[in-house]
Amino acid sequence: QVQLVESGGGLVQAGGSLRLSCAASGRTFIRYQMGWFRQAPGKERELVAAISRSGGSTFYADSVKGRFAISRDNAKNTMYLQINSLKPEDTAVYFCAADSSLRVVGTFKQYEYWGQGTQVTVSS
């Protein structure tokens, strides 16, 4: 089992940047592929980025390609999401998630473990 805690959210003006972090408990972080989801009010939860165990494979939703960058540091049990050129439509609660399956990164949304989320608000 793994526990996930997100941080780094906040209020930022359009065009600005944020870096979200997801800290994982335990010593088995490398066993999990990881993902970042977001959920805006009244909308379904959306997978925006995912990364394989080694970090060698990544996935991005079309809506964030070129602006978001996912990474992980297995030595620090931490995953990151660098968000650049923020837009008002990026406003959402951002969740990190972990899954132990062997499915290809970005091909599924049913992750096993979830953090509590961090709010990102982008003002125009």
Side-chain angles (χ1 to χ4, degrees):
Q1 191 170 3
V2 62
Q3 293 182 326
L4 306 171
V5 179
E6 302 95 337
S7 62
L11 173 64
V12 63
Q13 289 187 332
S17 299
L18 282 175
R19 188 174 82 153
L20 306 183
S21 298
C22 173
S25 64
R27 291 176 282 184
T28 60
F29 182 64
I30 199 169
R31 295 182 183 179
Y32 299 94
Q33 58 175 296
M34 304 293 294
W36 283 101
F37 290 75
R38 68 183 180 187
Q39 188 166 21
K43 294 188 177 181
E44 292 187 355
R45 190 171 295 187
E46 172 191 18
L47 175 63
V48 296
I51 190 166
S52 63
R53 291 166 177 77
S54 68
S57 295
T58 57
F59 163 85
Y60 295 97
D62 288 343
S63 58
V64 307
K65 282 181 181 176
R67 299 190 298 121
F68 287 24
I70 190 171
S71 62
R72 66 189 292 167
D73 186 335
N74 288 335
K76 295 182 178 180
N77 285 4
T78 304
M79 175 179 66
Y80 305 97
L81 186 68
Q82 178 67 41
I83 310 175
N84 299 322
S85 303
L86 276 157
K87 304 175 180 180
E89 51 264 42
D90 294 320
T91 295
V93 178
Y94 284 71
F95 300 88
C96 68
D99 195 89
S100 61
S101 79
L102 299 178
R103 289 173 287 183
V104 175
V105 168
T107 61
F108 67 100
K109 300 178 181 180
Q110 297 77 27
Y111 280 60
E112 292 175 281
Y113 303 105
W114 294 83
Q116 294 299 307
T118 185
Q119 176 71 47
V120 172
T121 303
V122 184
S123 63
S124 58

Just how far is it from atom [atom1] of [X] to atom [atom2] of [Y], taken to the nearest 0.5 Å?
X      : Y     : atom1 : atom2 : result
Met79  : Glu6  : CE    : CD    : 8.0 Å
Gln82  : Leu18 : CD    : CG    : 8.0 Å
Gln110 : Leu47 : CD    : CG    : 10.0 Å
Ser17  : Phe68 : OG    : CZ    : 10.0 Å
Phe95  : Arg38 : CZ    : CZ    : 12.5 Å

Could you pull out every donor-acceptor pair under 3.5 Å between side chains of residues 19-26 and any protein atom, sequence neighbours left out?
| from | atom 1 | to | atom 2 | distance (Å) |
| --- | --- | --- | --- | --- |
| Ser25 | OG | Gln3 | N | 2.9 |

Could you walk me through whether Val12 and Thr121 pass side chain to side chain contact (heavy atoms under 4.5 Å, CB included), step by step?
CA-CA 6 Å; Val12 63; Thr121 303; over 6 Å; no
Under the criterion side chain to side chain contact (heavy atoms under 4.5 Å, CB included), I'd like the reasoning laid out for Glu46 against Ser63: C-alpha separation, chi angles, the key distance, then a yes or no.
CA-CA 10 Å; Glu46 172 191 18; Ser63 58; 3.3 Å; yes
Do Phe108 and Val105 share a hydrophobic cluster (ILVMFWY, side-chain heavy atoms under 4.5 Å, transitive)?
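Cluster IDs for Phe108 and Val105 match.
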In the single-linkage hydrophobic clustering (I, L, V, M, F, W, Y; side-chain heavy atoms under 4.5 Å), do Ile83 and Val122 co-cluster?
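Yes: a chain of side-chain contacts under 4.5 Å links Ile83 to Val122.
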Check whether the side chains of Thr78 and Asp73 place a donor and an acceptor atom closer than 3.5 Å, and report yes or no.
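Not at all, the side chains of Thr78 and Asp73 share no donor-acceptor pair under 3.5 Å.
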Of all the heavy-atom pairs spanning Gly106 and Ala50, show the shortest one and how long it is.
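Looking at all heavy atoms of both residues, the closest pair is N-CB, 4.1 Å.
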Shortest non-hydrogen contact from Val120 toward Gly9:
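Shortest heavy-atom contact: CG2-CA, 4.1 Å.
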Pair Trp114 and Phe37, ring centroids less than 6.0 Å apart:
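Yes: the rings meet the under 6.0 Å criterion.
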One pair to check against side chain to side chain contact (heavy atoms under 4.5 Å, CB included): Leu4 and Met34. What are the steps and the verdict?
CA-CA 11 Å; Leu4 306 171; Met34 304 293 294; 4.0 Å; yes
Anything under 3.5 Å between a donor and an acceptor, one on a side chain of residues 51-58, the other on a protein residue two or more places apart or in another chain? List them.
| from | atom 1 | to | atom 2 | distance (Å) |
| --- | --- | --- | --- | --- |
| Ser52 | OG | Gly55 | N | 3.4 |
| Ser52 | OG | Gly56 | N | 3.3 |
| Ser52 | OG | Ser57 | N | 3.0 |
| Ser52 | OG | Ser57 | O | 3.4 |
| Arg53 | NE | Arg31 | O | 2.8 |
| Arg53 | NH1 | Ser101 | O | 3.3 |
| Arg53 | NH2 | Arg31 | O | 3.2 |
| Arg53 | NH2 | Ser100 | O | 2.8 |
| Arg53 | NH2 | Ser101 | O | 2.7 |
| Ser54 | OG | Gly56 | N | 3.1 |

Donor-acceptor contact below 3.5 Å, side chain [X] vs main chain [Y]:
X     : Y      : result
Gln33 : Arg103 : yes
Tyr94 : Leu81  : no
Arg72 : Phe29  : yes

Less than 4.0 angstrom from a charged side-chain N to a carboxylate O is my criterion; do Asp90 and Lys87 meet it?
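Looking at Asp90 and Lys87, the cut-off is not met.
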Find out whether Tyr60 and Val48 are in side-chain contact, i.e. whether some heavy atom of one side chain is under 4.5 Å from a heavy atom of the other.
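Result no, sub-4.5 Å side-chain heavy-atom pair not found.
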Mind running side chain to side chain contact (heavy atoms under 4.5 Å, CB included) on Phe59 and Thr107 for me, showing each step along the way?
CA-CA 9 Å; Phe59 163 85; Thr107 61; over 6 Å; no
Has Gln116 got more than 12 heavy atoms of other residues, nucleotides or ligands less than 6.0 Å from its CD?
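Check fails, neighbour count at 12 or below.
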Apply ring-ring contact (aromatic ring centres under 6.0 Å, His included) to Tyr32 and Tyr111, showing your working.
CA-CA 10 Å; Tyr32 299 94; Tyr111 280 60; over 10 Å; no
